[in-house]
Amino acid sequence: MVKKPVSSLGIKAEGDSKLIITLANPTPYFEKLMTEQAFYPLNQKFVEKEGKSYGTTSDKTLYNGAFMFAKGSKGWTGSNKTFSLVKNPNYYDAKSVKASGITYQVISDMSTAAQLYKQGKLDIAVLDTPELIAANKSTKGFNVLQSPRTDTIEYNQSGSVPALNNVKIREAFNLATNRQGLLDTAAPSYTVLKTATPKGLDKAPNGQDFATYAAQPYSYDPEKAAKLFKEGLKELGKTSLTLTLEGDSDDAFHKSAVDYLKQNFEKVLPGLTINENLVPKAQRLKDATNNNFQIILSSWGADYNEPSNYLINFITGSTMNDGKVSNAAYDKAFKAATTVPDVNDPEKRYADYKDAEQALYEQSNINPIDTQAKSILMNPNLKGVSKVNSAMIYDLTHAYLVN
């Protein structure tokens with residue numbers, strides 16, 4: 001590790017409340033980047049004092065947001081199932097925060113949460129299964145909040161799985177994917193996705209949602225899929241193919257999706273056998289990072305509201321490029337979008353991002369499935385809840401209850 005003096009890092013404090021950052025390259029979305037948790041300020045003395053215990057309980061954490069954990073047993077002890085937040089008197093805009101506090105309950109069974117909501121004991125309850133959603137669609141306060149998260153099928157294109165370096169095989173999988181059928185079965189509140197980026201993430205200069213502006217013609221075409229798969233097998237000198245599809249064992253959607261996709265793919269693509277590999281999310285993330293998979297169902301959530309947050313994942317050589325995608329047209333488009341002169345011209349920058357999406361589509365490097373959403377029950381008397389599209393689904397900063 002190379003150590004440099006702080007003065008050489010392009011960042012300095014001017015007084016107690018002003019930070020000056022000098023960028024090496026133009027970054028129009030820099031302010032959006034600053035919303036990432038990695039850039040939140042920390043009190044150095046307090047963090048060093050608490051050491052490894054920092055952030056493990058409410059009493060070992062400091063706050064600068066609208067709310068803070070209550071102290072002692074009413075706060076978060078690290079394991080308690082009920083804890084409270086109270087208004088932070090030192091928040092810069094404390095006068096606009098109407099709620100004096102918020103109480104949370106950790107409930108593992110969402111059907112229990114739905115019942116508590118109906119009994120007036122909860123103001124918000126999350127519905128996490130198709131059955132629970134169907135049973136509560138007519139309940140007063142039912143809402144669907146779009147989440148800035150995607151589910152995408154990634155193919156191992158490192159060369160360790162020769163079949164997946166064949167464009168026809170990858171395109172066959174993309175065309176064989178019945179996205180709407182999958183969502184109807186496993187996640188009816190989710191929406192079909194036709195870009196690497198989620199719906200609701202950002203807007204193009206023309207005012208369109210970027211996912212609409214950059215949409216590619218991903219479609220379900222069983223006949224064409226079967227034809228391309230047969231051609232791909234012939235090019236590989238094979239008449240059949242066995243591949244493993246990995247997903248999260250501890251995620252209800254992943255489990256249902258892997259089951260559905262196995263049947264979907266084997267039905268549409270004659271000669272294909274799909275083995276399921278359901279593992280804990282932590283293991284799936286590790287396998288993805290280590291390129292230890294054949295086909296994997298990945299989930300990615302927005303850190304900031306700009307297409308580069310997703311598109312950066314597929315640059316050749318990127319540490320986040322789990323499938324080892326290498327697409328020259330894609331790399332060229334992404335570089336143009338993020339360097340001078342196009343980076344300073346919104347029209348050109350977003351056109352470049354669209355070209356990058358097209359390059360991924362044309363080579364079938366990835367298989368976008370959906371933009372996630374959360375179905376919830378929310379007390380109609382709860383007002384001022386903000387819907388946001390990065391990091392979290394809703395914000396209670398200005399929330400309040402009316403009688």
Side-chain angles (χ1 to χ4, degrees), residues 35 37 65-67 69 76 80-85 87 97-151 179-180 182-193 198-201 209 211 248 250-257 281 299-303 305 369-403:
T35 65
Q37 292 180 359
F67 297 97
F69 278 115
W76 178 56
N80 52 333
K81 299 295 185 180
T82 301
F83 46 82
S84 298
L85 302 180
K87 183 175 178 178
V97 180
K98 297 181 179 180
S100 60
I102 303 166
T103 298
Y104 283 88
Q105 291 184 47
V106 179
I107 302 172
S108 56
D109 183 353
M110 292 301 99
S111 61
T112 299
Q115 289 304 314
L116 289 173
Y117 171 86
K118 292 174 183 177
Q119 294 167 13
K121 296 178 181 179
L122 286 179
D123 292 304
I124 298 178
V126 176
L127 308 174
D128 65 345
T129 66
E131 295 76 17
L132 205 51
I133 292 169
N136 288 278
K137 268 191 171 182
S138 59
T139 300
K140 192 174 183 180
F142 177 82
N143 283 272
V144 176
L145 303 182
Q146 190 165 275
S147 170
R149 294 186 62 85
T150 62
D151 291 297
R179 298 170 184 81
Q180 191 59 60
L182 166 59
L183 299 187
D184 288 344
T185 299
S189 59
Y190 292 11
T191 54
V192 169
L193 186 61
K199 295 177 181 177
L201 178 74
D209 186 296
D248 299 355
D250 45 7
D251 182 282
F253 172 71
H254 269 236
K255 289 172 67 177
S256 297
K281 180 180 178 179
S299 299
W300 182 262
D303 296 310
N305 302 336
I369 301 297
D370 62 75
T371 297
Q372 295 182 15
K374 286 289 186 185
S375 292
I376 67 171
L377 296 173
M378 183 185 295
N379 186 343
N381 292 327
L382 181 59
K383 308 295 183 182
V385 178
S386 301
K387 298 177 183 178
V388 295
N389 65 342
S390 180
M392 56 187 175
I393 302 165
Y394 57 83
D395 181 7
L396 299 176
T397 299
H398 302 109
Y400 60 96
L401 280 168
V402 296
N403 295 325

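One is the number of the first residue; the rest follow in order along the sequence.
In terms of heavy-atom proximity, Pro130 sits nearest to Ala187 at CG-N, 4.3 Å. Contact between Gln180 and Val192 at its shortest, heavy atoms only, is OE1-CG2, 3.3 Å. In plain terms, the two heavy atoms of Pro198 and Ala211 that are nearest each other are O-CB, 3.9 Å. Thr397 and Val97 make their closest contact through O-CG1, 3.6 Å (heavy atoms, listed as atom of the first residue, atom of the second, distance).
Under the 3.5 Å distance criterion, the side-chain polar atoms of Thr371 are matched with a main-chain donor or acceptor of Lys199. Asp250 places no side-chain N or O within 3.5 Å of a backbone atom of Asp248 that could act as its donor or acceptor partner. A donor-acceptor pair is defined here as one N or O able to donate and one able to accept, closer than 3.5 Å; such a pair exists between the side chain of Asp209 and the backbone of Gly200.
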Quiz prompt | Stepwise side chain to side chain contact (heavy atoms under 4.5 Å, CB included) test for Asp251 and Lys281 | solution = CA-CA 8 Å; Asp251 182 282; Lys281 180 180 178 179; over 6 Å; no

Practice problem: Check step by step if side chain to side chain contact (heavy atoms under 4.5 Å, CB included) holds for Leu85 and Leu396. | Solution: CA-CA 11 Å; Leu85 302 180; Leu396 299 176; over 6 Å; no

Self-check item: Derivation of the side chain to side chain contact (heavy atoms under 4.5 Å, CB included) call for Ser299 and His254
Solution: CA-CA 9 Å; Ser299 299; His254 269 236; 3.0 Å; yes

Self-check item: From CA spacing to verdict: side chain to side chain contact (heavy atoms under 4.5 Å, CB included), Phe142, Leu127
Solution: CA-CA 10 Å; Phe142 177 82; Leu127 308 174; 3.8 Å; yes

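By the neighbour-count criterion of 12 heavy atoms within 6.0 Å, atom NZ of Lys87 is densely surrounded, having more than that number from other residues, nucleotides or ligands. More than 12 heavy-atom neighbours from other residues, nucleotides or ligands sit within 6.0 angstrom of NZ on Lys118.
Between the CG atom in Leu122 and the CG atom in Leu116 there is a gap of 5.0 Å [rounded to 0.5 Å]. The OG1 atom of Thr191 lies 7.5 Å from the CG atom of Leu183; values are rounded to the nearest 0.5 Å. If you take CZ on Phe253 and OG1 on Thr185, they are separated by 10.0 Å, rounding to the nearest 0.5 Å. Asp123 CG to Leu401 CG: the interatomic distance, rounded to the nearest 0.5 Å, is 5.0 Å.
In this structure, Phe83 and Tyr104 have parallel ring planes: the angle between them is below the 30° cut-off, well short of the 60° mark.
Listed by chain and number, the residues in a ring-ring contact (aromatic ring centres under 6.0 Å, His included) with Tyr117 amount to none (sequence neighbours excluded). Under the salt bridge (charged side-chain N to carboxylate O under 4.0 Å, His left out) criterion, Asp370 pairs with no residue, sequence neighbours left out.
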